[in-house]
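Residue numbering restarts at 1 for every chain, and letters A, B, ... go by the order of the sequence lines.
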2 protein chains.
Amino acid sequence: MSLEDLGDKGRRAKSQRATEKPRVDAKPTLKTIAELTGLAVTTVSHALADAPQIALETRQRVRKVAADIGYLPDRAAQRLRTGRTNVISLVLDPHEEILGYATSMINGLTEALRGTAYHLVITPHFSDTPQIDPVRHIMRNRMADGIVFTRTEPADERVKLLMENNFPFICHGRTELATAHPYVDYDNYSFAYQAAKKLIAAGARRLSIILPPERFTFAHHLRHGFMTAVREEGVGFEIAKGVTLDSKSDDIRDYLFRRMAEPERPDGYICGGEVSALAVMASVYDHQLELGQDIRLVAKQTSGLFDQIRPRVETIYEDLTEAGLLMGKLLLKRIAGPAPIAELQALQTV
Amino acid sequence: MSLEDLGDKGRRAKSQRATEKPRVDAKPTLKTIAELTGLAVTTVSHALADAPQIALETRQRVRKVAADIGYLPDRAAQRLRTGRTNVISLVLDPHEEILGYATSMINGLTEALRGTAYHLVITPHFSDTPQIDPVRHIMRNRMADGIVFTRTEPADERVKLLMENNFPFICHGRTELATAHPYVDYDNYSFAYQAAKKLIAAGARRLSIILPPERFTFAHHLRHGFMTAVREEGVGFEIAKGVTLDSKSDDIRDYLFRRMAEPERPDGYICGGEVSALAVMASVYDHQLELGQDIRLVAKQTSGLFDQIRPRVETIYEDLTEAGLLMGKLLLKRIAGPAPIAELQALQTV
DNA sequence: ATGGCGATTTATAACGATATAATTGCTGTC
DNA sequence: GACAGCAATTATATCGTTATAAATCGCCAT
């Protein structure tokens, strides 16, 4: 702020038509457009909102000027006045996984938000606090207009809370609650079912499925699909539970190493995640067995990783980017106006 | 939220407007605290800012009431008034990589931002627009108080622009510009140097290094470290350039497949990324060669992935979560007050 | 008393947008 | 020519916070 500016400001107070152009870089506001067009700030606001009571000619003129000077509405002011934040919160659990589960989903979400006024904010959920905390915080303090989260549980507290308060959200995976809620999910039942059928068709006679922790709903879906298939075919089976998602734990590696040394070992594995598939492969290698010969494997593929891995593994693809995109779109629709719940459901089929 | 809660809320609403809109939970503001304490809004504001001219007793009283009712300042109002956004923007290039480069960094950043007023916003850089666009947009429209980006280039336009405008930022990787700038980088020179030495010590006599595209500064560092080592040792070498980071391209796989079939093939590979390391392993497998015997490999490890991979690969670790954490801390320091540039530099040594 | 001073507290005016209500200008009607 | 009726524009108040300037108070020296 220089003395000249002050002087100029003083002049403006008396004669409103002073040819002022001191600051070129000043961020354009509605006031800027108002001065340039000779209209009132209110009119400009309405014109940009495409209000029908503003003359079409005026609307076009205002829009042109706005575009010319590169006007963008101030998010803070809009947010303060309207209460809408134009923010979508993605609740992420850091340290959860070594592979890019989150990255794919973020890519899908940003794609869905592209061209809209919405920004994507990453809200971390720190493992030393209850899972519900970040969600409650976002809701209570209106930190976002909508929430995205993952790893849905059968009786997910977050879903309950958000539904009770009618707060827009979408989650990856389903609950088993009576009340319907918006979600995007992959058909893990079919995945496990088809994976089992493939293994059996290839000659496997004792199947093992490596399941994520029971607290996630999709673990149940995997199990049911698996069980249906092995019962239909009447083959032997076993279930390895509790792959911690961060794969720091050695439970599964211990199980695999032990079982593969035994004579009655499984000859067909189903892995619901890439990490556990790698663990199976590692164990096969360590036992000097041959994949596809001694032991078969069907894995869920959620990235390009398995295109690079040798020996080649049979996989079934789950497109997490697409899931993110879909979640973003459905959430935006939900925010725009409470669409019927049923329409908000979506299922990716294998 | 029960009916009782609503009733309680209505009673609290002072007097006449008992049957107003069913506002779930009126958000506490400075005004709320002012009414509860009998002070003026201004006083409360100053008290919470711990202004010295407010009596200590008053400050404590205000803080207590604020904590009791769970007061949180309205971000939009603060932002509108002060111009500070309390936002850090991470500029991400979607579709860039199959592995979780971004996830680790996000985890580090959120850790650095934990407990502060800052939120992390993901700003995508869409590949059909110039790289500089999101940075310029954030700066011009004050979308954030600081910017984080990656994949720094030798004459990076983003660095130039941000430095010219004195806008807080930090980047992963360095430029080769004359003017110093804040960054966090990994010592890729030493990585390549040591990797080469290891391979030679293990018996390799013709080394090949798989480099990322030349436009990234760290490709040069890798090359220099590599060249220094092979010259010192006087072994044969070759350089495979241009691993596109999204690994969609087959250039490298073609190169590997061709070279491994030739008699004068390299017997030691250095990979600056996990994807290219997998490509080497895949090619070794496809040629029915043996890793560690016919062909040796030293790879950069940036995730837990290679702990799972067999055969075991010799790796040197780069901690991207730590890099993210460091970037976050340095950026916050830079935002708080323009610290000397020199202090903002950091280097992770192998 | 009077004025002044330091220590606290408070009033006022913004920041940039929008919801609401009010105003202007113009037309046609009787 | 007065006025209702309508379209188009504008004034005012407000969201919650903070920067700035002003006001209040007790207390002491003159």
Visitor: Could you give the angle between the helix axes at the two ends of the helix from C:dA1-D:dT30 to C:dC30-D:dG1, with five pairs per end, rounded to 10 degrees?
Guide: 90°
Visitor: Are side-chain N/O atoms of A:Thr175 and A:Asp156 paired as donor and acceptor at under 3.5 Å?
Guide: no
Visitor: Rounded to whole angstroms, how far apart are CD1 on B:Ile54 and P on C:dA7?
Guide: 14 Å
Visitor: With a 4.0 Å cut-off on heavy atoms, is B:Thr29 in touch with a base, just the backbone sugar-phosphate, or nothing at all?
Guide: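 Sugar-phosphate, no base atom in range.
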Visitor: Could you tell me the separation between the CG atom of A:Asn141 and the P atom of D:dT17, rounded to a whole number of Å?
Guide: 11 Å
Visitor: So how far is it from A:Leu39 CG to A:Ile33 CD1, rounded to the nearest 0.5 Å?
Guide: 10.0 Å
Visitor: Can you measure B:Arg79 atom CZ to C:dA14 atom P for me and round it to whole angstrom units?
Guide: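 It works out to 23 Å between those atoms.
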Visitor: What nucleotide, of D:dG16, C:dT9, D:dT10, holds the atom closest to the side chain of B:Asp74?
Guide: D:dG16
Visitor: Separation of B:Leu39 atom CG from C:dA11 atom P, in whole Å?
Guide: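 Result: 11 Å.
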Visitor: Closer than 4.0 angstrom, basic N to acidic O: yes or no for A:Asp68 and A:Lys64?
Guide: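 Salt bridge flag = yes for A:Lys64 with A:Asp68.
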Visitor: Do we see a donor-acceptor contact under 3.5 Å between the side chains of A:Asn107 and A:Thr321?
Guide: no
Visitor: Under a plain distance cut-off of 3.5 Å, with no hydrogens placed, do A:Thr152 and A:His172 share a side-chain donor-acceptor pair?
Guide: no
Visitor: Please give, in whole Å, the distance from D:dT18 P to B:Lys31 NZ?
Guide: 16 Å
Visitor: Of B:Arg61 and B:Ala77, whose closest DNA chain C nucleotide lies nearer the 5' terminus?
Guide: B:Arg61
Visitor: Quick one: is B:Thr58 getting a side-chain N or O under 4.0 Å of the C:dT9 phosphate, OP1 or OP2?
Guide: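 Indeed, a polar side-chain atom of B:Thr58 lies that close.
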Visitor: Output one line per pair: protein atom, nucleotide atom from nucleotides 18-23 of chain C, and distance, for all N/O pairs under 3.5 Å.
Guide:
{"residue": "C:dT18", "atom": "OP1", "partner": "A:Gln78", "partner atom": "NE2", "Å": "3.1"}
{"residue": "C:dT18", "atom": "OP2", "partner": "A:Ser45", "partner atom": "OG", "Å": "2.8"}
{"residue": "C:dT18", "atom": "O2", "partner": "A:Arg81", "partner atom": "NH1", "Å": "2.5"}

Visitor: Report yes or no: is the cationic atom of A:Arg114 (NZ for Lys, CZ for Arg) closer than 6.0 Å to the six-membered ring centre of B:Phe126, at no more than 45° off its axis?
Guide: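 So A:Arg114 does make the cation-pi contact.
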Visitor: With side-chain contact (heavy atoms from CB on, under 4.5 Å) as the test, would you mind laying out the steps for A:Leu330 and A:Leu332 before giving the verdict?
Guide: CA-CA 5 Å; A:Leu330 292 177; A:Leu332 290 182; over 6 Å; no
Visitor: Whole Å only: how far is the CZ atom of B:Arg142 from the P atom of C:dC15?
Guide: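 Taking CZ of B:Arg142 and P of C:dC15, I get 16 Å after rounding.
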Visitor: Could you tell me how far apart A:Leu72 (CG) and C:dG16 (C1') are, to the nearest whole angstrom?
Guide: 13 Å
Visitor: Is B:Thr58 reaching over with its side chain to a backbone N or O of B:Ile54, donor-acceptor style, under 3.5 angstrom?
Guide: no
Visitor: Are any of the side-chain nitrogens in B:Glu57 or B:Arg61 under 4.0 Å away from the carboxylate oxygens of its partner?
Guide: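 Salt bridge: yes.
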